[in-house]
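I have placed the structure first, in the form of structure tokens, so that the comments after it can refer back to it.
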Amino acid sequence: MKKLSDSVSALKGVGARRQKDLAHLGINSIQDLLTYFPRRLYSSDVVTSPEQLSGLKNKQRVTLKGIATNPTLVFYGYRKSRVNFSVVIGNNPIKVTFFNQPWVKKRVHPQQTILISGYFDKFSQSVKSPRINSTVVYPASKEVRQATIKRLIKEAYGEYHNLIKTYVPPLIQHHYRLETEQTMIHDMHFPKDRRAEQLARRTAKFNEFFLFEMRLQVMKQIEDRHRGVQIHYQADKIGTFINRLPYQLTAAQRKVIGEIDHDLSRPVQMNRLLQGDVGSGKTIVAAIAIYATITAGYQAALMAPTEILAEQHANNFVKVFQGLGINIALLTGDTKPAARRELLPRLANGQIDLVIGTHALIQKGVKYHRLGLAVIDEQHRFGVAQREALRKKGHNPNVLAMTATPIPRTLALTAYGDMDVSIIDQLPKGRKPIETRWIRSKQFPNVLPFIKHFLASHQQIYIVAPLIKPSEAVSMADAETIYKKFKEYLAPEFNVGLLNGQMKDDQKNQIMRDFEANKYQVLVSTTVIEVGVDVANANMMIIFNADNFGLSQLHQLRGRVGRSSKQAYCLLVADPKSETGKKRMSVMERTNNGSLVSQEDLKLRGPGQVLGKEQSGIPQFKVADPIADEVILSCAQQEAIKIVSVKNWQKQPINRELVRRLRMGRTTTVFD
């Protein structure tokens with residue numbers, strides 16, 4: 001009995017070697033083969049009408065789509081030949097001649113729709129240097145050619161098309177005017193015209209997003225079935241804590257706090273991503289969640305990606321929780337053995353309320369008494385295994401992940417689709433927008449007097465370079481050379497420090513402490529300062545070879561300044577040679593909005609580079625694009641949420657094919 005899950009080896013001519021070659025293309029089953037869609041079909045600039053034809057210029061490179069006439073093959077001279085036929089568009093025959101390619105006659109059939117590329121001769125109404133285009137183009141390989149893929153798809157469709165079922169429920173299909181699954185697959189591979197291909201591609205995009213979102217919603221249902229730590233926090237204490245803060249929370253912060261408090265009070269595990277621009281006040285929101293957890297008699301842990309950031313968090317939380325009787329501990333790889341031996345028993349017996357640290361928090365031997373909340377700062381810096389290890393340190397503790405990396409909504413829907421997302425989209429009152437300027441390298445000497453004047457106002461400066469040391473391989477600024485030049489230029493009035501990622505942790509921490517204490521007025525560094533460094537008196541950021549960094553990374557670096565009521569500046573020194581590089585610098589000058597920056601970064605570089613391929617979690621869709629097809633993605637997500645919100649949705653006859661397809665995709669299910 002045939003099934004779509006049958007191996008491709010069921011088809012003619014697919015032996016062990018061909019099966020292995022197809023597997024390298026991601027084709028293992030008949031289902032894989034039928035949904036191995038072409039990259040493109042008809043280009044938007046294909047000439048298909050007499051009106052388009054009349055608008056062509058002489059010797060213009062074109063692609064014509066029309067009906068072929070009967071080809072004729074003529075031999076002349078020694079081994080010379082020509083194949084003649086016409087491509088008819090409307091009532092206009094365009095002559096085509098292939099010289100010394102007799103095999104073309106077998107490829108052209110009368111009344112066949114054909115695509116011909118070449119140079120249009122307006123006077124003779126012919127195509128010079130013609131080439132026959134395929135109406136469909138598949139991703140192929142050296143081992144598996146286009147012709148082989150087409151033959152196998154045609155055979156598979158002929159033998160298995162009756163087994164293709166539509167899994168999108170009928171009401172959704174009707175509402176969005178979608179094709180049936182069988183029609184969609186047919187017209188993706190064998191469209192009769194461009195409109196058929198467009199309808200099929202639109203349906204394929206929705207179906208792909210819908211199936212993905214359904215799998216995410218099923219995963220969330222599984223998580224919701226697991227009881228989490230329910231935090232019966234003391235609301236009056238939370239209110240008093242908020243009222244005693246030396247500033248007012250923004251409306252966005254209050255909204256997010258409400259969402260987190262609601263999650264904490266439920267008997268299911270919180271799994272929430274807190275997204276906010278640099279300086280938007282995520283840390284105080286996390287502090288309120290931590291305090292709520294502690295008032296209920298539970299412990300909290302905060303994991304940061306670097307020891308500098310962990311130590312900074314520890315110092316800040318000591319100040320924030322001053323006078324509240326909360327025991328705070330710092331645990332990093334730099335913690336001395338004696339201090340560690342004293343700390344671990346106190347953590348295990350509940351004497352420590354809040355522990356802050358790096359990956360040391362998840363090491364073997366670290367035990368918690370009653371872990372109720374795990375906060376993960378700059379969560380994209382941690383691998384999935386590290387995040388999961390922190391969760392396992394308690395009995396389904398609530399998880400609050402934080403990130404200042406601006407993530408466009410489309411990526412949040414895909415990379416973090418299994419998490420609830422809270423966004424702080426306001427900056428605290430009194431903060432001034434950072435003034436960003438892009439200058440060429442040759443203009444930098446003109447800025448030096450302004451730098452001295454700025455330092456004379458008792459403010460500090462970060463200077464960032466892409467390299468640590470000079471390199472023969474690439475011509476870019478390096479931290480060591482810049483450090484020497486600025487040290488010489490600014491002496492004896494001002495002190496300059498040097499920081500890079502190759503230094504030992506204790507050395508890096510000491511340099512940062514000295515900078516924070518204003519022992520250095522200028523800190524020359526690599527991107528080690530990108531995350532979490534918080535020195536309110538540092539109000540200028542200078543970035544050399546700025547075009548070497550991604551927009552989101554530049555935005556993160558810029559966010560190290562502007563943390564007080566004083567005007568802050570960001571100076572981008574760059575000589576971009578490409579138009580893309582120039583656009584990126586212009587974006588940074590134009591806006592301080594992290595969401596806009598990330599959207600532009602996404603357009604220019606793609607999701608893998610924006611978030612990092614290993615950490616991004618961005619699925620590889622076959623035809624859909626989460627950036628270009630954001631509206632379709634949103635609609636698919638809404639429909640998936642509606643379906644799973646209905647009790648026993650998986651047992652309803654209308655969802656039978658959907659459930660079968662989810663099972664076929666080996667999704668962990670809640671169907672039983």
Side-chain angles (χ1 to χ4, degrees), residues 273 275-280 305-306 309 377-383 402-412 414-416 434 436-441 462-468 471 474-479 500-501 525-533 541-562 570-618 620 625-628 630:
L273 175 70
Q275 184 183 340
D277 224 335
V278 176
S280 61
T306 66
L309 184 52
D377 194 17
E378 288 301 331
Q379 73 89 36
H380 67 287
R381 293 289 181 117
F382 293 101
M402 303 193 297
T403 182
T405 300
I407 303 166
R409 184 172 173 276
T410 47
L411 292 199
T414 51
Y416 305 113
I434 300 166
T436 304
R437 293 288 180 269
W438 162 39
I439 65 168
R440 303 277 182 174
S441 299
Y462 293 107
I463 299 178
V464 174
L467 301 179
I468 297 174
S471 169
V474 290
S475 177
M476 283 194 292
D478 67 278
N500 67 62
S525 173
T526 55
T527 55
V528 70
I529 63 160
E530 179 187 349
V531 173
V533 177
M541 168 68 68
I542 302 172
I543 306 172
F544 283 92
N545 293 106
D547 54 327
N548 191 58
F549 302 99
L551 283 179
S552 292
Q553 191 174 28
L554 288 175
H555 185 67
Q556 282 274 65
L557 287 166
R558 175 170 63 181
R560 296 305 107 214
V561 299
C570 179
L571 193 62
L572 306 174
V573 185
D575 302 300
K577 293 179 174 58
S578 68
E579 285 303 312
T580 298
K582 293 172 186 175
K583 283 180 185 176
R584 290 166 63 232
M585 295 303 99
S586 297
V587 169
M588 290 298 295
E589 281 192 304
R590 194 170 66 242
T591 182
N592 279 288
N593 186 308
S595 295
L596 292 178
V597 168
S598 65
Q599 285 286 9
E600 290 299 321
D601 207 12
L602 202 58
K603 290 176 187 175
L604 294 170
R605 296 199 302 154
Q609 285 184 291
V610 171
L611 290 181
K613 290 181 181 178
E614 292 78 13
Q615 301 299 334
S616 69
I618 305 298
Q620 295 299 307
D625 181 342
I627 305 164
E630 180 183 358

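- We find the OG-CE distance between S525 and M541 to be 8.5 Å, quoted to the nearest 0.5 Å.
- The two residues A477 and N545 make their nearest non-hydrogen contact at N-OD1, 2.6 Å.
- Between the NZ atom in K582 and the NZ atom in K577 there is a gap of 10.5 Å [rounded to 0.5 Å].
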Worked verdict on L571 versus I543 for side-chain contact (heavy atoms from CB on, under 4.5 Å): CA-CA 6 Å; L571 193 62; I543 306 172; over 6 Å; no

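- Looking at heavy atoms from C-beta onward, L554 lies in side-chain contact with M585 at the 4.5 angstrom threshold.
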Trace of the side-chain contact (heavy atoms from CB on, under 4.5 Å) decision for F544 with V464: CA-CA 6 Å; F544 283 92; V464 174; over 6 Å; no

Intermediate values then yes/no, side-chain contact (heavy atoms from CB on, under 4.5 Å), R558 and N592: CA-CA 9 Å; R558 175 170 63 181; N592 279 288; 3.5 Å; yes

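- A distance-only check finds a donor-acceptor pair linking the side chain of W438 to the backbone of A574 [under 3.5 Å].
- In this structure, G581 and P576 approach most closely via the heavy-atom pair C-CB, 3.6 Å.
- The closest side-chain heavy-atom distance from V561 to I434 is below 4.5 Å.
- Expressed to the nearest 0.5 Å, how far CG of D478 lies from CD1 of I468 amounts to 9.5 Å.
- For the atom pair CG of N548 and CD of Q553, the computed distance is 8.5 Å after rounding to the nearest 0.5 Å.
- The one candidate from T527, L467, T526 that meets the side-chain contact (heavy atoms from CB on, under 4.5 Å) condition with N500 is T526.
- Considering CE of M588 and NE2 of H555, their distance stands at 7.0 Å, rounded to 0.5 Å.
- Of the residues listed (V587, L572, T591), the one engaging T436 in a side-chain contact (heavy atoms from CB on, under 4.5 Å) is L572, and it is the only one.
- Note: S280 OG to Q275 CD = 9.5 Å, rounded to the nearest 0.5 Å.
- The shortest side-chain heavy-atom distance between D547 and D575 does not fall under the 4.5 Å cut-off.
- A heavy-atom distance below 4.5 Å is not found between the side chains of Y462 and I542.
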